[in-house]
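Working notes, beginning with the structure itself.
Indexing begins at 1, ligand by ligand and atom by atom, following the structure's order.
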Amino acid sequence: MKKRIGILTSGGDCPGLNATIRGVAKACFEMLGEDNVQIVGIQNGYYGLINNLAVDMEPSDFSGILTQGGTILGTKRQPFKMMTVIGDDNVDKVKNMRETYKKQKLDCLLTLGGNGTHKTSKLLADEGLNVIGLPKTIDNDIYGTDVTFGFHTAVDIATDAIDRLHTTAASHSRILICEIMGNKAGWLTVNAGIAGGADVILIPEIPYDIDKVTEAITKRTESGKGFSIIAVAEGAFDIEEAKLKKKERAKKRSDAGEVTATNRIASQIQAATGIDTRVCVPGHMLRGGSPSAYDRILATKFGVYAATLIKEERYGRTVAMVNSKITSNKLEDIAGLTKFVDPEGQIVTTAKNLGVSFGD
Ligand code: F6P
């Protein structure tokens with residue numbers, strides 16, 4: 001009997017998903033024997049599991065995808081908080097997912113995703129399914145792992161964006177603000193900010209004081225530097241907003257016609273300094289395209305490690321890198337937790353010791 005291994009990619013895509021899928025498949029074929037394994041591709045994440053959208057894949061499906069961005073399986077956002085809610089369509093999503101697992105005669109299910117995906121993975125493990133998670137996200141905010149695949153590629157892309165802003169900012173003596181993805185955590189912004197030599201870095205973990213930001217810019221101007229670069233995480237908020245609950249903050253923003261704080265920061269800085277200030281939002285460019293060499297290697301290591309977990313039948317776990325070593329965590333130990341940037345930690349201190357302002 002062939003071991004039937006279901007695999008899905010869920011949530012926002014990122015570079016390295018295909019490299020991970022390839023790593024898992026090739027390692028399963030190698031370690032268990034190609035004749036003993038059937039990989040079952042579940043389409044469009046948990047949506048496919050709910051609606052029994054699955055295909056038996058051929059070994060050739062996993063060739064030529066190492067360098068390919070996106071996901072050959074398709075993905076969809078399927079919010080965890082709605083998983084146990086039966087809506088107007090009367091669909092019991094958890095029951096359907098259990099049934100698809102059974103109908104497809106799966107021995108285990110691999111879930112490639114971020115924080116939301118991992119919460120549902122734990123839910124399915126609690127339902128008795130054999131689940132193994134794999135940590136993907138450009139946000140690098142999955143608890144219990146040093147790094148997630150997709151993150152380093154996004155750092156490279158965001159750094160390139162900042163580099164390009166540098167030359168035009170310097171030529172025009174302007175302030176250029178680069179808004180970088182990361183709603184809850186500022187990993188991408190702080191890393192790209194350091195790599196791109198940003199003068200100010202604003203992240204959700206450190207609410208900013210706009211006066212401190214303009215002070216930092218003025219200090220640069222007074223020292224003869226006519227331009228400045230600011231890296232802002234999309235989830236950054238100021239010290240006034242920090243006093244509000246998340247919902248109140250969202251309402252205040254929507255009343256003001258704002259999604260992120262970036263444009264407001266630009267107008268405030270321009271008003272305070274008189275320097276021409278512009279905004280650049282690379283947005284989904286940060287998630288697109290081919291994975292970097294680092295992410296191809298990481299994704300492959302994670303994928304191969306997942307295959308060893310399958311071989312050893314160690315389920316209810318998610319692959320991780322801890323102190324540079326590939327290992328795994330129990331889903332119950334990480335699901336529902338977020339890995340934030342430590343405002344007192346080394347990455348922030350490194351930047352601060354260079355003179356970078358965090359607006360605090
Ligand atoms: O989780 C990855 C991420 O790119 C976040 O950085 C960003 O806030 C979010 O996804 C954007 O989601 P969507 O692609 O659904 O707009």
Go ahead and list the nitrogen or oxygen contacts between ligand 1 and the protein that come in under 3.5 Å, distances to 0.1 Å, or just say none.
| residue | atom | partner | partner atom | Å |
| --- | --- | --- | --- | --- |
| ligand 1 | 1 (O) | Asp139 | OD2 | 3.2 |
| ligand 1 | 4 (O) | Arg287 | NH1 | 2.8 |
| ligand 1 | 6 (O) | Asp139 | OD1 | 2.7 |
| ligand 1 | 6 (O) | Asp139 | OD2 | 3.3 |
| ligand 1 | 6 (O) | Gly182 | N | 3.3 |
| ligand 1 | 8 (O) | Glu234 | OE2 | 2.3 |
| ligand 1 | 10 (O) | Arg77 | NH2 | 2.8 |
| ligand 1 | 10 (O) | Arg287 | NH1 | 3.1 |
| ligand 1 | 12 (O) | Arg77 | NH2 | 2.9 |
| ligand 1 | 14 (O) | His284 | NE2 | 2.8 |
| ligand 1 | 14 (O) | Arg287 | NH1 | 2.9 |
| ligand 1 | 14 (O) | Arg287 | NH2 | 2.9 |
| ligand 1 | 15 (O) | Arg77 | NE | 2.7 |
| ligand 1 | 15 (O) | Arg77 | NH2 | 3.4 |
| ligand 1 | 16 (O) | His284 | NE2 | 3.4 |

Centroid-centroid under 6.0 Å between His118 and Phe80 rings: no
Polar side-chain atom of Asp199 near backbone of Ile229 as donor-acceptor pair, under 3.5 Å: yes
Check ion pair Arg264-Asp238 (N to O, under 4.0 angstrom): yes
Closest non-hydrogen atom pair, Leu188 against Met181: CD2-O, 3.7 Å
Aromatic ring pairing His166/Phe227, orientation class (parallel under 30°, perpendicular over 60°, tilted between): perpendicular
Shortest non-hydrogen contact between Ala299 and Ala19, atoms and distance: CB-CB, 3.7 Å
